[in-house]
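Structure record follows, encoded as structure tokens.
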Amino acid sequence: MGTMAPNTMEDLKTNGFENSQKELDAGAMFVLKSKGSWLHCGYHLTTSIVAPVLLSIPFALGLLGWVGGLICLTLAGLVTFYAYNLLSLVLEHHANQGHRQLRFRDMARDILGPKWGKYFVGPLQLGICFGAVIACTLLGGQSLKFIYLLSNPNGEMKLYQFIIMFGSVVLVLAQMPSFHSLRHINLISLILCLAFSACAAAGSVNIGHSKDAPRRDYSVKGSQKDRIFGTFNAISIIATTYASGIIPEIQATIAAPVQGKMFKGLCVCYSVIAVTYFSVGVSGYWAFGNQAEGTVLSNFMGVDNKPLLPTWFLVITNVFTITQVLAVTLVYLQPTNEVFENKFADPKMEQFSTRNIIPRLIFRSLSVIVATLFAAMLPFFGDLMALFGAFGCIPLDFILPMIFYNVTFKPSKRGMVFWVNSVIVVASSVLVGIGAIASLRQIVIDAKTYRLFANM
């Protein structure tokens, strides 16, 4: 069963855990504290989903065209909202039975069996979350370099130096003790994602109406094979923009009773999604057509890297982006932090005792240092996004919620719910295979021009 999360030693004694070493769970006690409201849940959800990866939506639309792109963007939103609500219902069901599940691997273990949690879902989730930390660190470094080049076009500083700067800030903030302690940061993150999305949309519209507007071509370019692979690559990118992968961990931060609170949080999150995704996607694709870059901000630089918008506007947009991506990085560090606490902390001692502070400082710091190193070595942000979407985000966010619901509630095979869930599982499984091949193919193609520690 999933482990309850006592938040203090007094709670531990009240629940009768003091003599049961098996039930002592430092990860749950120290990282996944159940103290938040549904509004805090909304902040966490928004930060985990609405991130600067949405700036890649115009690029994805360029691979799909207007009709295919908007249909895919809408369907992915509807399916993930549905899937996350199913996950929440399953979690509430077990909580009502007295077995509150706090982690994705708890759900897999209890519903599908111990091996599923230990050897598949757990490692997959940790890999995806740590991959997101690497990608966010890379994006933060790229944004810092962009600001630097705006003020010093002939500057000689390299990308890896900016990645290290960003990683150094993450290194400090990663020591925040629990997921719940990020609630105020994530409120600021919600505001910032609205801000940088508004800037991206306004910038695209301004360029689209200016005399420097690029020639717009909305056709899907390339050979038939390239268009096919591009389609699945775009689907993987869009799937990644809606991905969370930490829904159980976010619901674990909600104070009991949890009934209905996740739905309210999801409504907050998807309200922000509706505003940001479609405004950035439509405006960016309208302005740049199939010339949209992997991130639309790259299109704001014209020939010879001459800015198409005022420098101050570009600086503000990138400052919003950097600050928000910092919050996203901290959110996706939480599953790794929880594992470290569970392995190396002593749940019998206070959270801020020397015995627990030292290993927390060491292992969280090592985690950030490793992520920063990988970000500096592998600056393939767009390609990594597609690969993450195919191998991890689709299984966690499009497939497992349906399976968990069908196994837990056993809906009638004659009913619509069972067949809707089954169709989503089959279609998503096909996308995993083809999307993985398409994204790996793109990485192989790009690897011919990239090198380790490339100064992009």
Side-chain angles (χ1 to χ4, degrees), residues 51-53 55-56 59 126-176 196 237 240 293-295 297-298 301 305 314-315 317-337 340 361-389 391-393 439-440 442-456:
V53 292
L55 298 174
S56 295
F59 172 73
L126 287 175
I128 291 304
C129 290
F130 196 68
V133 171
I134 295 171
C136 287
T137 305
L138 171 58
L139 180 58
Q142 288 174 331
S143 296
L144 283 172
K145 183 186 175 185
F146 185 85
I147 294 173
Y148 168 73
L149 291 177
L150 284 174
S151 59
N152 187 10
N154 298 317
E156 297 182 355
M157 291 184 68
K158 308 298 183 183
L159 175 60
Y160 73 85
Q161 294 172 294
F162 295 100
I163 291 174
I164 291 172
M165 292 179 193
F166 184 84
S168 299
V169 178
V170 175
L171 187 66
V172 175
L173 294 178
Q175 309 307 323
M176 296 187 71
F196 77 69
I237 291 173
T240 305
E293 300 285 348
T295 170
L297 298 185
S298 299
M301 304 299 289
N305 284 327
L314 295 174
V315 169
T317 303
N318 276 273
V319 168
F320 290 156
T321 304
I322 292 169
T323 312
Q324 202 266 340
V325 83
L326 187 61
V328 177
T329 308
L330 297 176
V331 164
Y332 279 100
L333 276 171
Q334 297 311 306
T336 308
N337 293 345
F340 287 147
L361 179 65
I362 292 173
F363 288 103
R364 291 190 182 192
S365 299
L366 284 174
S367 174
V368 174
I369 291 169
V370 170
T372 304
L373 177 62
F374 273 102
M377 289 175 60
L378 305 170
F380 314 134
F381 179 65
D383 297 344
L384 286 176
M385 271 189 9
L387 189 62
F388 291 159
F391 274 119
C393 298
S439 56
L440 285 172
Q442 191 62 43
I443 287 177
V444 170
I445 293 173
D446 290 344
K448 296 176 182 178
T449 58
Y450 295 154
R451 66 182 188 278
L452 294 179
F453 298 100
N455 185 35
M456 301 172 60

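In this text the structure is predicted, and so the values were computed from the model without any measurement.
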For a quick test of reading the model, state the closest non-hydrogen atom pair linking [X] to [Y] and the distance between them.
X	Y	result
G294	S56	O-OG, 2.6 Å
L139	P52	CD2-CB, 3.2 Å
R364	M176	NH1-O, 2.6 Å
G155	L149	O-CD2, 4.4 Å
A174	V368	CB-CG2, 3.8 Å
A371	V133	CB-CG1, 3.7 Å

For a 4.5 angstrom cut-off between non-hydrogen side-chain atoms, does F340 reach S367? yes
Could you check whether any side-chain heavy atom of E293 comes within less than 4.5 Å of a side-chain heavy atom of L55, counting everything from C-beta outward? no
Once rounded to the nearest 0.5 Å, what's the spacing between atom [atom1] of [X] and atom [atom2] of [Y]?
X	Y	atom1	atom2	answer
L138	S143	CG	OG	9.5 Å
N318	K145	CG	NZ	13.0 Å
T295	F146	OG1	CZ	9.0 Å
Q175	L330	CD	CG	10.5 Å
F363	T336	CZ	OG1	13.0 Å
I322	I147	CD1	CD1	3.5 Å

When you measure from the side chain of [X] to the backbone N and O of [Y], does any donor-acceptor pair fall under 3.5 Å?
X	Y	answer
T317	F196	no
Q161	K158	yes
N152	Y148	no
T329	V325	yes

Go through the steps to decide whether L333 and V170 satisfy the test side-chain contact (heavy atoms from CB on, under 4.5 Å), and finish with yes or no. CA-CA 10 Å; L333 276 171; V170 175; 3.9 Å; yes
The residue among T137, T321, V169 that forms side-chain contact (heavy atoms from CB on, under 4.5 Å) with L326 is V169
